[in-house]
Structures are given as C-alpha cells and as structure tokens.
Amino acid sequence: MYTTVALASAYATRLGSTVKPAPFERGRQPAHCYAKLESCLEKAAQLVAKRGGKALTSRGAPADVLPGDVYDLANLVLGEIAYLHALVPDSQALHAFDPNVSGHRLPSHVYQLASTLEAQLSSLA
C-alpha cells in the first residue's frame, strides 16, 4: 500500500503541489492510516467537484480496520487523484513505478506518506 500512496503523491506533485514531507510519527496503526486516507479521499473529491467532475465518497470506516482495508482505500484515493489529473488539460498519465522502496514498510511509513499527500491536496485547493 505504500507504493500506492506514493503513486498518488506523485500525481499530486504533477498537479503542482509542492510541500515538505510530513514528519515520521512512531506507533501508527492501520486505523490511523485509514483515517488519514479518508481525509485524502474527501479532499480529492472536493478538488474533482471543483473541476466539474463526479467523485467517489467514503461511507465510513469499518469497526476493526485491517491492513487490507487501508490498501483498498489507498487504491480509491489513487483512482480519484488519477481522475483529477486527467481533468487537467494536456496532462499525461504517470506510469506505475517502484519509488525505490525496499524492505518492509510500517503503518507509520504509510501514515507519513498519507499525511504528506493530505498536505499536497490541501495546497491544491
């Protein structure tokens, strides 16, 4: 899921967002990542609507958030940001990539990247 959020962040960068990476916070759990990605989905939906498109909406978090739930939501966020990118004239799609990530990524790493993505989307509003 880290690479999915990294790709979403790369799209936000191509849309013109320039923010500093969020600080690393230890001890984050999948539920924290899910909540941060819900915020990202909401911000992306607002940006899509602002540009005249129709966006997805979230229906709330499951009671016990599992890593698979975070992965699913990360893919929804990526889809909305890719759609937002497509609404921009003369935009070219990014190719899926491996942002040189090796080894195991903790929920805190995903949370850090999702926090950066949230700031990127806020800067685009």
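Throughout, numbering of the chain's residues begins at 1 and tracks the sequence.
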So how far is it from K43 NZ to L84 CG, rounded to the nearest 0.5 Å? 13.5 Å

Enter the distance from I81:CD1 to L41:CG here, rounded to the nearest 0.5 Å. 8.5 Å

Cluster overlap L87 with V77, hydrophobic side-chain contacts below 4.5 Å: yes

Count I, L, V, M, F, W, Y as connected when their side-chain heavy atoms are under 4.5 Å apart, and connections chain through other members. Are V70 and F24 then in the same cluster? no

Minimum heavy-atom distance between S108 and G27, given as atom pair plus value: OG-N, 3.3 Å

If you look at every heavy atom in A12 and L117, which pair is closest and at what distance? CB-CD1, 4.0 Å

State, with a plain yes or no, whether a side-chain heavy atom of Y111 is found less than 4.5 Å away from one of Q29. no

Side-chain heavy-atom pair M1, P67 within 4.5 angstrom cut-off: yes

Distance col, row L113:CG vs C33:SG, nearest 0.5 angstrom, shows 10.0 Å

Sub-3.5 Å donor-acceptor pair from the side chain of S39 to the main-chain atoms of A35, do we have one? no

Are L106 and Y34 in one and the same hydrophobic cluster, where Ile, Leu, Val, Met, Phe, Trp and Tyr link if side-chain heavy atoms are under 4.5 Å apart? no

Ignoring hydrogens, what is the shortest heavy-atom contact between E80 and A44? Give both atom names and the distance. CB-CB, 4.1 Å

I want to check something: taking the side chain as every heavy atom from C-beta on, are C40 and L121 in contact at a cut-off of under 4.5 Å? yes

For E118, check salt bridge (Lys or Arg N to Asp or Glu O under 4.0 Å) against everything at least two apart and list the hits. K36

Could you state the interatomic distance from CG (L78) to CG (L73), rounded to the nearest 0.5 Å? 11.5 Å

Side-chain heavy atoms of H85 within contact of L15, under 4.5 Å: yes

Can you see which heavy atom on V5 is nearest to which on A74, and at what distance? CG2-CB, 3.9 Å

What pair of heavy atoms forms the shortest contact from T4 to N75, and how long is it? CG2-OD1, 3.6 Å

Taking V19 as the starting point, is it possible to reach L37 by hopping between hydrophobic residues whose side chains are less than 4.5 Å apart? no

Y83-V88 co-clustered via ILVMFWY side chain contacts under 4.5 Å: yes

